Structure formats: structure tokens, C-alpha cells
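It should be emphasised that the depicted structure is a prediction, and the values quoted were computed from it without experimental measurement.
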Amino acid sequence: MPDYFEVKQSSEFGRYTTATKNILAGDIIFEEYPFVVGPKANVPPVCLVCCYTVDGSENGPRCPKCRWPLCGNCIGHEYHLEECDLFVQNHVKFEDFESYEEPCLQLDCITPLRLLLAKDSDPKRWDEEVSIMEHHEMNRRNTDQWKMDHRNVVEFLHGPCKLNDRFTEDLIQQACGILQVNAFEGRTSFAAGCNLQCLFPKSAITAHSCVPNVNHSIYPSDQFKITVRATIDIKKGETLYTTYTNLMVGTEQRQDHLKSGKYFTCHCTRCEDPTELGTHFRTFKCNKCELGLILSDDPYDDSSKWKCSHCEFATPATSIRKVLSVIQAETDALQSIEFGPERLEKCEYVFRKYRGVFHPSHYLLTELRQNLIELYGRVEGYELQDLTDNLLEHKMSMCRSVLNVLNVLYPGKTRTRAMLLYDLHAPIVLSAKISYATGLIQDDELKRKLQEAISMLEESTNILEWEDADSVEYNVAQIGKQSLLQLKESVKSI
């Protein structure tokens with residue numbers, strides 16, 4: 001299929017892409033295969049192909065030829081063949097590394113090495129698509145990162161691997177920078193879906209915004225091909241925007257990530273607005289008055305005051321950061337609890353504990369809602385049929401609250417929206433059937449509620465079917481399609 005974008009240049013974005021035709025939400029804009037795939041940096045010992053965490057000791061799974069970490073399922077895989085030959089030829093040994101938690105710095109060289117080897121095997125694509133990324137990395141990477149890559153990658157490739165005549169230090173540093181700034185995170189379809197990095201040259205030059213108009217799907221079952229789609233309607237000539245950060249955190253957190261990892265400051269409309277486009281995604285409630293909301297004077301100034309919109313109360317940014325740090329740590333700790341009723345109950349406790357501190361749409365409350373949405377209906381004692389009317393209403397209310405935020409900050413046909421719609425349809429159906437059985441609603445209202453659920457499920461399954469056939473999302477779509485058939489039969493029978 002043809003690509004529906006063209007590359008342009010500006011002082012703001014450097015190289016970026018615009019639409020060459022009117023594009024409808026859900027349309028494919030372009031597809032491409034990665035230039036390179038490999039383990040992320042700073043990971044514990046992993047299989048070099050599937051990136052599943054492995055035993056890094058001498059007794060752990062190893063490639064039979066080079067003796068680097070490789071699980072039995074990945075022996076002979078093409079991703080490892082060229083580096084394997086190089087390790088064997090130069091007697092490059094993998095040193096025992098027994099920790100499952102500390103980063104195994106020996107593995108930091110793997111993906112940069114694969115990128116350099118791919119440059120030699122496909123110089124045309126490197127020259128036309130990859131090397132154009134150079135100005136971003138070489139000019140923006142900080143001294144500490146440069147020194148770290150020199151120690152962990154350059155010295156290793158020039159020393160034990162004996163590649164100093166083949167790849168200069170500047171070229172190796174360029175490869176490290178290209179990966180750090182431009183690589184996408186993917187997940188394998190095997191070994192429990194482990195994280196790795198993929199470099200997609202076309203996708204990497206799409207401009208960033210904290211309110212994107214495109215998203216992407218990566219297909220591990222098709223050599224990690226990426227498909228980029230429009231999430232909303234895009235007019236011919238409009239800029240295509242993806243995102244390089246987590247959209248579901250506040251401006252400070254997004255900016256910190258972009259500055260430290262991507263080396264730029266975002267000036268999108270969302271970042272410039274203290275209310276985050278009216279969502280109040282990082283707004284506090286004032287504890288000195290009943291009506292006030294506490295907002296930052298300047299989202300770009302770490303030292304700016306946060307002031308109440310209704311009274312004279314003001315507090316320094318340092319105090320805000322301290323409060324956020326404490327509550328974020330408490331929220332993060334919930335993930336260490338086994339998926340089950342204890343996590344749900346503690347998550348509910350934290351949610352109720354802090355909902356008086358923040359605006360209802362604050363990102364930390366939104367994160368807690370997302371956790372609770374996933375738990376209600378899926379854990380023992382709180383499965384869907386066990387939920388009281390109040391808990392069914394609670395789950396529906398949380399789904400709608402998160403959807404209201406997404407409609408502004410991450411609008412359109414997205415995986416996040418689709419999964420929320422799937423989670424919302426089930427309590428709507430169950431609540432409607434209970435109300436009908438107890439005489440609270442009649443045929444017309446039952447049919448209306450079931451039709452509402454059908455519309456949600458249709459939208460959800462249509463979006464989730466775009467995902468890889470081995471993904472959780474695609475499997476949810478297949479379950480959703482079966483539920484759709486049953487719901488439509490129920491409506492016919494009323």
C-alpha cells in the first residue's frame with residue numbers, strides 16, 4: 001500500500017511528517033519493518049533473541065557456539081547469527097552474572113552492534129533513512145550518557161570484539177544515540193511477551209505531541225512490522241503527531257522524561273496549559289477553602305509557585321513534588337502485591353485516601369481508577385457476578401471518568417480507549433439485566449442499555465482486531481465478538 005505522508009523540515013521539529021491526503025480515523029498511514037531489533041539497555045541477563053530473563057550464571061542457558069545467553073527456543077535464530085560468529089571468531093566471553101535484578105552491562109553492546117552490522121549489510125537504507133537521525137543524537141546527548149556508552153559499548157566493541165578498524169568511536173556513539181532517542185519499545189509474542197527495542201526510521205521522524213493524532217501497532221509475528229494509523233481524522237497537509245512519552249502522567253513527569261531521554265522540551269498546547277486542556281490532570285484541591293483548585297503558575301518553571309484559584313493560598317513547587325513523590329511511591333507499591341483481592345482492597349483504600357487531595361481527574365487518581373477497573377470483575381470475591389449494584393456502578397463510573405480524560409488527552413481510536421470500552425460494556429449489561437429482572441426497568445430501557453453495550457463492544461473489537469494475533473488485545477477482540485453475537489440475540493428476543 002502507498003504511504004500517505006511526506007517528510008518536511010522546520011526549525012521547531014527538524015524533519016517531520018505531514019499527511020498527503022485527507023485521512024480518516026483508523027486509516028493506515030504507513031507500514032515498515034525495523035532496521036534492527038534487540039534487547040534494551042540496562043536490563044538483567046536476558047536471552048538475546050526473545051529477551052526473556054534468564055540465569056546469567058555459567059549454568060544458565062547459553063548459545064552452544066558463543067556461550068552468550070540464549071534460551072533453548074532461540075538457538076539458531078537469525079537475530080543472533082552474525083554477532084555469534086563475531087564472538088566466536090574473537091573469543092569474546094560472556095562473564096558470569098548471577099543477579100536477576102541488576103543491569104547486566106555486558107548486554108548493552110548487543111543492539112548497537114546489531115545496528116552497526118545492519119548498516120554494513122544494508123548501506124542504502126542506512127544512508128537514506130537512518131543516518132539522517134544523526135543531528136539529534138550527536139548534538140543533544142549529555143556528557144554522562146556519552147561516557148557511559150564509551151565505557152559499556154565503545155570499549156567493548158573496540159577491545160574484545162576487535163572492531164576498532166571497522167567502526168569508529170563516533171560511529172558507535174552515533175548508533176547508541178540513535179537507539180536511545182529513536183527506538184520504539186516492542187514486545188515479543190513468545191516468552192511471556194518480553195520488552196525489547198526496535199528501530200523504525202520512518203516512524204522515528206514523526207513529530208511528538210502530548211495529544212497525538214496517530215498511534216502504532218507492532219507485530220512480533222510478522223518480523224516486528226509496525227503499522228501507523230490515524231486515531232482521529234487528519235486533513236491533507238496537517239502534521240502527523242505521535243508521542244515519545246507516557247501520556248497518562250502530568251506535565252512535569254512528561255517533560256522530565258523528554259528532557260532526560262529525548263533531549264528536548266515539548267511546547268504542545270497541553271504542556272503550555274496549566275489545566276492540561278481543562279482536564280486538571282495535575283491539579284490539587286485547595287485545603288484552605290472549599291472551592292479552590294491549586295495550579296502551577298508556569299508549567300515550564302520548576303521553581304514556580306502553585307496557587308489557589310479561589311483564595312490567597314500558595315505553595316512552592318518543591319512542596320508539590322514532595323507530596324507527589326510520597327503518593328506515587330504508595331501507588332507504585334500496589335503493583336508488588338499479587339494480583340488478587342488484597343491488591344484490589346488496598347488500591348481502593350489508597351484511592352479513597354487521596355481523592356480529597358486531588359482534582360477528580362488528577363493523573364494519580366486516574367492511574368488508580370485504571371488499576372481498579374482491571375481488578376473489579378477479575379479477582380476472587382470480586383468477579384463480575386459477585387459485584388453488588390453499588391460496585392457495578394462504581395466500575396462503570398470509573399470507566400466513564402477515564403474515558404472523559406482520554407477524549408481530551410488521547411482522543412480517537414486507541415488501544416487504551418478500546419480496552420476501557422470492553423471493560424465498561426460488561427457491567428452495563430449485567431446491571432441492566434438485574435434491573436430488568438427486579439422490575440426496575442422495562443423492555444424499552446433494557447433494549448436501550450443493551451444497544452449501548454453493543455455499540456461499545458463493536459467499537460472496541462474493531463480497534464483491538466488491528467493488534468498482533470498473539471497479543472492480549474487481539475484475544476480480547478475475539479472474546480468480544482462472541483459476546484456481540486450473544487448480545488444481539490438478546491436484543492432480538494426482547
Side-chain angles (χ1 to χ4, degrees), residues 5 7-19 29-30 32 34-38 40-42 111 115 129-130 132-142 145 174-187 195-218 224 226-232 234 238-273 276-277 281-282 299-300 363 406 408-412 414-416:
F5 76 95
V7 180
K8 293 188 175 181
Q9 182 100 20
S10 78
S11 57
E12 179 182 3
F13 298 124
R15 292 169 66 87
Y16 67 102
T17 54
T18 62
I29 301 171
F30 65 88
E32 65 174 323
F35 192 78
V36 71
V37 173
K40 298 170 66 177
N42 299 314
T111 310
L115 178 54
E129 298 183 5
V130 180
I132 59 175
M133 303 175 188
E134 177 179 3
H135 68 282
H136 295 294
E137 291 66 56
M138 302 299 277
N139 294 335
R140 295 179 182 175
R141 298 173 72 222
N142 60 50
Q145 185 65 50
Q174 181 188 357
C176 292
I178 285 171
L179 289 168
Q180 182 187 358
V181 175
N182 298 287
F184 284 64
E185 184 171 294
R187 291 179 68 80
N195 293 333
L196 42 64
Q197 57 182 335
C198 313
L199 183 66
F200 300 102
K202 289 180 186 177
S203 305
I205 59 173
T206 306
H208 162 82
S209 172
C210 294
V211 187
N213 56 14
V214 308
N215 68 3
H216 66 269
S217 302
I218 296 175
F224 293 97
I226 192 171
T227 297
V228 176
R229 295 177 184 268
T231 55
I232 59 175
I234 302 171
E238 288 185 343
T239 301
L240 304 180
Y241 290 107
T242 186
T243 186
Y244 305 160
T245 189
N246 180 4
L247 297 176
M248 301 306 287
V249 295
T251 299
E252 292 87 353
Q253 291 72 28
R254 297 194 312 277
Q255 293 285 10
D256 285 348
H257 175 259
L258 293 171
K259 289 173 187 175
S260 63
K262 307 300 181 181
Y263 307 112
F264 73 91
T265 298
C266 178
H267 290 279
C268 71
T269 54
R270 176 182 173 186
C271 286
E272 291 180 343
D273 182 357
E276 299 219 25
L277 305 180
F281 204 51
R282 61 194 187 111
Y300 293 100
Y363 72 87
L406 290 179
V408 178
L409 302 182
Y410 196 14
T414 67
R415 283 183 295 275
T416 308

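In this structure, Cys198 and Val37 have side chains that are in contact, with non-hydrogen atoms separated by less than 4.5 Å. The closest side-chain heavy-atom distance from Arg254 to Cys271 is below 4.5 Å. In this structure, Arg187 and Ile218 have side chains that are not in contact, with every pair of non-hydrogen atoms separated by 4.5 Å or more. Side-chain contact between Gln197 and Leu179: present, with at least one pair of heavy atoms (C-beta onward) separated by less than 4.5 Å. Residues His208 and Thr243 meet the side-chain proximity criterion, which asks for heavy atoms closer than 4.5 Å.
We find the OG1-CG distance between Thr206 and Leu240 to be 6.0 Å, quoted to the nearest 0.5 Å. With values rounded to the nearest 0.5 angstrom, Thr245 atom OG1 is found 9.0 Å from Lys262 atom NZ. In this structure, Thr242 OG1 and Ile205 CD1 are separated by 12.5 Å, a value rounded to the nearest 0.5 Å. In this structure, the separation between NZ on Lys259 and SG on Cys266 is 10.5 Å, given to the nearest 0.5 Å. Here CG of Leu196 is found 4.5 Å from CZ of Phe224. Values are rounded to the nearest 0.5 Å. Rounding to the nearest 0.5 Å places OH of Tyr300 at 5.0 Å from NE2 of His267.
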Does Gln145 form a side-chain contact (heavy atoms from CB on, under 4.5 Å) with Cys176? I'd like the steps, not just the answer. CA-CA 10 Å; Gln145 185 65 50; Cys176 292; over 6 Å; no

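Taking every heavy atom of both residues into account, Thr251 and Pro299 meet most closely at CG2-CB, 4.3 Å. Residue Thr111 comes nearest to Val36 through the heavy atom pair O-CG2, 4.3 Å, listed as atom of the first residue, atom of the second, then distance. Closest approach of Pro201 to Val130, counting heavy atoms only: CG-CG2, 3.8 Å. For Leu409 against Pro212, the heavy-atom pair with the smallest separation is O-CD, 4.1 Å. Residues Gln180 and Ser260 come closest through the heavy atom pair NE2-O, 4.0 Å. When every heavy atom of Lys202 is checked against every heavy atom of Phe5, the shortest pair comes out as CD-CZ, 4.0 Å.
Proximity of a side-chain donor or acceptor of Asn213 to a complementary backbone N or O of Tyr241 within less than 3.5 Å is detected. Checked by atom type and distance alone, the side chain of Asn182 pairs as donor or acceptor with a backbone atom of Ile178 at under 3.5 Å. In this structure a side-chain-to-backbone donor-acceptor pair under 3.5 Å is missing from Arg270 to Val211.
Residues Glu276 and Tyr363 bring no donor and acceptor atom of their side chains to less than 3.5 Å of each other.
Note: His216 and Phe200 fail the aromatic proximity criterion, with ring centroids not under 6.0 Å apart.
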